[in-house]
Every structure is written in C-alpha cells, then in structure tokens.
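Below: one structure, written as structure tokens.
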Amino acid sequence: MISIFGIIHHSPGCAHSLLSRLRDLKPDVVLVEGPPDAQHLIPLVLHPDMHPPVALLVYAAQSPSDSVYYPFAVFSPEWQALKYAQEAGIQARFMDLPQAVQLEYLKPGSMPQEGDVEASVPDGSAFDGIDAVLRQLAVASGFGDVDTLWESLVELRHDSRDLFNAMETIIHELRGSLPASSQPLLLEREAAMRQAIRAAEKEGFDRIAVVCGAWHAPALRQLGQGQEDTARLRSLSRRTKVECAWVPWTNSRMSRRSGYGAGVAAPGWYEHLWLHRGAIAATWLAHVARVLRGEGFDAPPASVQEALHLSSALAELRDRFHPGLTEFHEAAQIVLCHGESEPLSIVRDRLEIGERQGRVPKAETMVALARDLELQQKRLRLSPSM
Amino acid sequence: MMSHKQQPNTSTSNQALTSVLRTPAEEQYAQELEELSKLDRQENRACPPNWRLSPWGVRRYLLGEKLPNGFTVTTKYIGNPRVVEGAIATLRTDRALLLYGVPGTAKSFLSEHLAAAISGDSTLVVQGTAGKDEPALSYNWNYALLLMRGMTEEALVPSPLMRAMQLGTIVRVEELTRLNSEVQDALISPLSEKTLAIPELNMQVRATMGFNLIATANNRDKGVNELSSALLRRFNTITLPLPASLEEEVKIVEQRVASISKMLALPGELPALQEIQRIVTIFRDLRSGVSQTKRIKVRRPSGTLSPAEAISVVIDGMSCAACFRGAPMRDRDCASGLVGAVVKDPQNDKTVFEEYLRTALKGQSEWEPLYNACMEVLQ
C-alpha cells in the first residue's frame, strides 16, 4: 500500500499532521523528496549533536560553488519524517532526481540558487502562475493573502485529519487549471520519484509512506508501468560528481526575507507553533512581553492578558477561529507598545524570525572543509596538510 | 433611538434640523445605521451588550460597503482598515481607546463615528482644555439646589463621563493631553474599577455594560501634559498614520470637501480633481521634504500640514471663488489659504516656501497659475 502525503515545506501544521498519520500507519519505508546523493547522511539526523536548523549541502566536487542547499527546521515535515523513520528503525530514503543530474542541468548560465530545487507550494515562485492563482484563492476565500490562508487553514488548525486530502484536492485543481510548468527538470524529477516508489514496491515493502511537496502529490499517484519514466530518465547525463554534508543553518536564513525562495515569512513563529501547540496564544504574547520589557516597556502580565483579549477580538472581527501572527502583532502594538511600531521590529527580529542557530556534529563540517582544502592545495600544487 | 430625550441639559433636539450648522454623525447617517442594524439581524450577528451594531456592522459603517440589498454605506475612514479593526476590537474588549497622532489625522472624526455606530450617540464629550478642572470629568453641583436642599442626588450635575457610565454608552474625551495631569488622573478609577465615587453622598456610580471611553491626543502640540504611565497603561493606543499615498490623501480631501461644502451650502461645482491633487502634492512634498515631481530634496516648514489643513485650504478657496470670482474654484483662489497654511513662522517658513516654489514648481506649465498666485501673495 502506498500512502502519499503532499506537504507544504517548512509547515509545522503539516509536520504535526504527518507525524500523527505516520504513527497510525506504521510504514515499513519512508520515501522523502530529497537528494539520493545524500542518502548516507540520513542516520545523522538522530546524532545527539545535531540541532536544526541545519541544511544538507550538495555541491559539485570539482567546483564547490555549484551547490544546492536543502534547509531543515525542527518543524519541517521532511525533518520529522526522517526522524520518525530513524527512531522507528525503518528505512528512510531520498527519492528525488539525484543532484548529480540536476546540478549538471541547472549549471549553465546562472549560479544555482538556494532553494531552486525546493519546489515549494506556498512559495510558488518556482511555478508560472501558481503564485497568482494561490493569491486569488486567498482573496476569494476571504484571507487576503497566501500566508494568512495557510496559517488559518493549516498551521492553526486543531483538527487536521483530512488535511492532506483537502490540500491534494486544491493542488489537483490548480495543476489542472494552470499551463504546463516551465520549471526545469520538473517532469524528470517527478519521473524519478515515481521510479523510487516502484523500486520500493518491487523490493517488497508493504506500507510505503511518500512525503513530497504538495505540488507533486497528484503526479506521484499515477504510477502506471514506468516505461515512459525509464525512457525519460535514460537520456540524462550523470557526469557531475557531487559531495554532500550537513551544515549549520540559521532561522534568519530560513526566512523569505533572506531571499530563500521556499522560505517562510516567520520561522520563529512557526517554531513556536511546533513547540507550543495547544497553548500558542498565551505563550507567544508572554515571549513578546519579555522582549519588550528588555527594551524598557512596562508590559506587565495584566497588559499581556489584555493583549490576549484584543487578539481574540480581532480574530473574531476577521472571522478567524484563532488569532494568528497578524493579530498578535497588532495587539502587541496597541496594548504593549502604546501604539508605537518601532519596538515591534525588535520583536520581529528576535521572535518572529528568531535567532536560533543550528549545530551539526563537528566531524561533519570538517569533512567538507577538509575536502575543499585538499582540492585547493592540489590546484595550487602545495603539499597536502592532512 | 436618539438619547437626547434623556439629556435635557445638552438637548438640541428642539431646534429644527435645517438651522443646525452641524449635526452629529448619528443623525447625519441615521439611515445607514438603520440599514446596518437590519443587516445584523438578518445575518444573526450578535451585538455586544448595549451596542447598537455588531462589531462587523461598525466596521461596515466606518469602511463603507455596498449592502446585499443594494444600499450603499459611505466610506467614513479612508486608510488602512486594520486601524479601524484595532479600534473596534479594543472597544469590544471593554478597554478604553486612545487615538494618538499628529493633528488632522481624523482622530476626532473616527472617535465621533465610533461612538455614533456603537452607542448611537456621539454627543457625550469632554473637550480637554487647560482650564478644565476635575468636576468636568466627574460631577458638579447645581449650587442653587445645593443651598436650598443640601447635598442630595438631585443637586448633582453629572459629567458626560458619569452619564455614559450610567447609560452604558461611549464617552469621548477630546485632546486628553491638554487637560492638567491631576485632572487626567481622575479617569483612572472609572477606567480600571469601572466606578466613580461620590463621597459627599456616600455613594458610587457603577458603569453599566457598554460603557467605554475614547480619548484623542496629538503628539505634535506644544503645551501638552504627557499622560502618566498609570493612565497610559489603562488605554489601548492606536496611532493614526498620515495618508499612505497621494491617491489616498486626495480621496480624503475630495470626500471631506464635498461633504463640508454641502453643509455650508457653498454654491457652484466642486473643484476639479487636478486642483485638489496639486494642493495635496504641495502638502505631501513639504511634509516629507522631498518633491515628488522633481525628485529633489526640499526644506520643511514648521507647520504640521495635515490632511485636515489641506481640506480647509480647498474649502477656503471654494468660498473665496464663490464670493468674489465665481465658481468653480481655480488654483489662484487657494493661494492665500495655502500660504497661510504653510507659513506659520513668518521668517523661516516664508523663505522655505519661496524656495520650494522656485525649485519644485517653477517653469512647469500646469503649475504656473498656482505658482504665480502664491508668489503674488508672498510678496
């Protein structure tokens, strides 16, 4: 049996739903949209010195600046899926088209950018027109913008049992109504993912869990016989030799503000949603008050309570079932900051984006650096130091 | 229902409507409020205790909307809807609301319309002035009755605040920071305990549901008394922004000019959009210190140059045209009002304005009449 979970990258709501579905399903293999080149690095997910945000760095061995990052936060569904598999003692596999192929094709002309391969749905910039369609969807459903739409429907959702079905219905409609995407290698990548599913089936796995970007989910359902996919993939060159490593990442580099295409608007807020599910509002405003007190504002507990009331009243007025980041932000400005907006830029940096810095096992970072040093020494004809 | 019957002291209802210079919002927009109330009932939108409209109805009233039955509710507040939502949500949570900002950013306007929509009565007002004492906020005595009968409830003259507490309505305090600090602090107990003590009668007025307070204060005036932090903590504060764009500001000025000129029965057509645009452009340039047409830096004069002043410059120009030259208003009719609005300090501001006219406007054909007229006034 194959279960496909189309997720939104870096969505705590999806991560939560995914985890509870995986626990029910008890799969014997988990396939994750990610680079098979880094397959051997998956077990490090459970290493005691591994603390997200971290990123998988995949780079061409001969020219390390041709590289791609796969960032993971603690609330990324892919991260939680990998962790679940490791803890449950089952296999986790990356199923995307290898970067050995992708780097070859994405290289000419422009430098590959961070997030190029992260075909993210909420980001949308990777797809022609999807941005505009999602925005229309957000406006038509009364949410105003796409972030608020996802926040309301996915992140702050209490009952998330039908989440994946509902999202796939939306994406199915969108895929049908948009012109074919011009995203490079999209068809090849989906073919590769289907091949990975078929391979797992052939190996005799019973319950296969597939975790991919929501955009790909409908395409992965139509498995068929696979001759077409084999043909499509046969012609691809795999000449690039790639190296992989885990590297530390930061919340600010997870944010869209940093230019990361699949980034989220407020990683710190998402982390909060992941960590404090069930007590989101009060704990968030308490954190905000603590930051503001450090900046010389009174922000006593009584005012925090008033801010909580105000955020609920704002949510009610906007017909939301739960106040979101916008409501908390406004309530903090009105109640705690006496109408001023400047102090909130500190809240934005420290909490909404967050200052968390990831860590990876020391040996891991050294490996990549040592290889680069070796390469440089060879090029400059210096004697190797290691 | 208007509450004037209950307030013999402040009643204006025996005057014919036509002779009144300015009617309160709830009378001027009575039909809109009625339609919105009907819609609330149809949609089953609950009103908080003693509110005339639901929070959604109040938002519709302020932001304007075409209702399902075809009735159009006019837009009262042009600008970011979040400002309005923050204000309504604040009053919904029974916290007092402080509208803060530079002069002329629609603080009093918003306060009046909020009170009209929520309580159906915007006339309970305390105007903050340096001469007001504490009884203006609490209660006073009818001294004739006091001498005749002694300290009785009858001899008590309640303040608008006390009346609002009894009626469960909204009271407005205009220019809160112009009141002396000791007087301001009289608000603390009504706001936090929701009570007002009358020690002379050994009694206490307890606020009924629906009571709340909207205060306005501006952060530019000289001679203001900063709020104590104890009082500030009891308010939710919303800072009203200056209009974000030229289009928004032109729309505000255009709409207010139309409604004021109707009220004043100024003859003739309304000024053309370009005329208003030019006035607003000058205001925005001088306020921001950057000329939008020429993309150059300009010096800023000392005045605040708010949208409210732009409105009065246009009204002034219309009236000038109507009286002396015949409508419609042309650029030159606005010149003296414009110079008056910009030049607050006769020495510096005059040079600043002349410099602006020369560097930013001179030599462009569409600006020529206004440029010439202003230079003439300045000489």
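For a residue to count as touching a neighbouring chain, one of its non-hydrogen atoms must lie under 4.5 Å from one of that chain's; by this rule A:Glu316 touches chain B with backbone and side chain alike. Only the side chain of A:Thr326 comes within contact range of chain B, with heavy atoms under 4.5 Å apart. Residue B:Ile88 touches chain A through its side chain alone, counting heavy-atom pairs closer than 4.5 Å.
Side-chain contact between A:Glu340 and B:Thr239 is absent, with no heavy-atom pair separated by less than 4.5 Å.
Taking both residues in full, the closest heavy atoms of B:Gly86 and A:Leu310 are given as O-CD1, 4.1 Å, listed atom of the first, atom of the second, then distance. When all heavy atoms of A:Leu317 and B:Trp56 are compared, the closest pair comes out as O-NE1, 3.1 Å.
Put simply, of B:Arg45, B:Arg92, B:Arg95, B:Arg59, the one with the most heavy-atom pairs under 4.5 Å next to chain A is B:Arg95.
Of the listed residues (B:Thr237, B:Asn236, B:Thr90), just one forms a side-chain contact (heavy atoms from CB on, under 4.5 Å) with A:Val335, and that residue is B:Asn236.
Remark: A:Arg356 CZ is loosely packed, at most 12 non-hydrogen atoms of other residues, nucleotides or ligands lying under 6.0 Å away. Counting non-hydrogen atoms of neighbouring residues, nucleotides and ligands closer than 6.0 angstrom, the NZ atom of B:Lys194 exceeds 12 such neighbours.
Residues of residues 287-308 of chain A lying under 4.5 angstrom from chain B, judged on non-hydrogen atoms, are A:Asp298, A:Pro300, A:Ser303, A:Glu306 by number.
Taken from CD in A:Gln333 to CZ in B:Arg82, the straight-line distance is 11.0 Å, to the nearest 0.5 Å.
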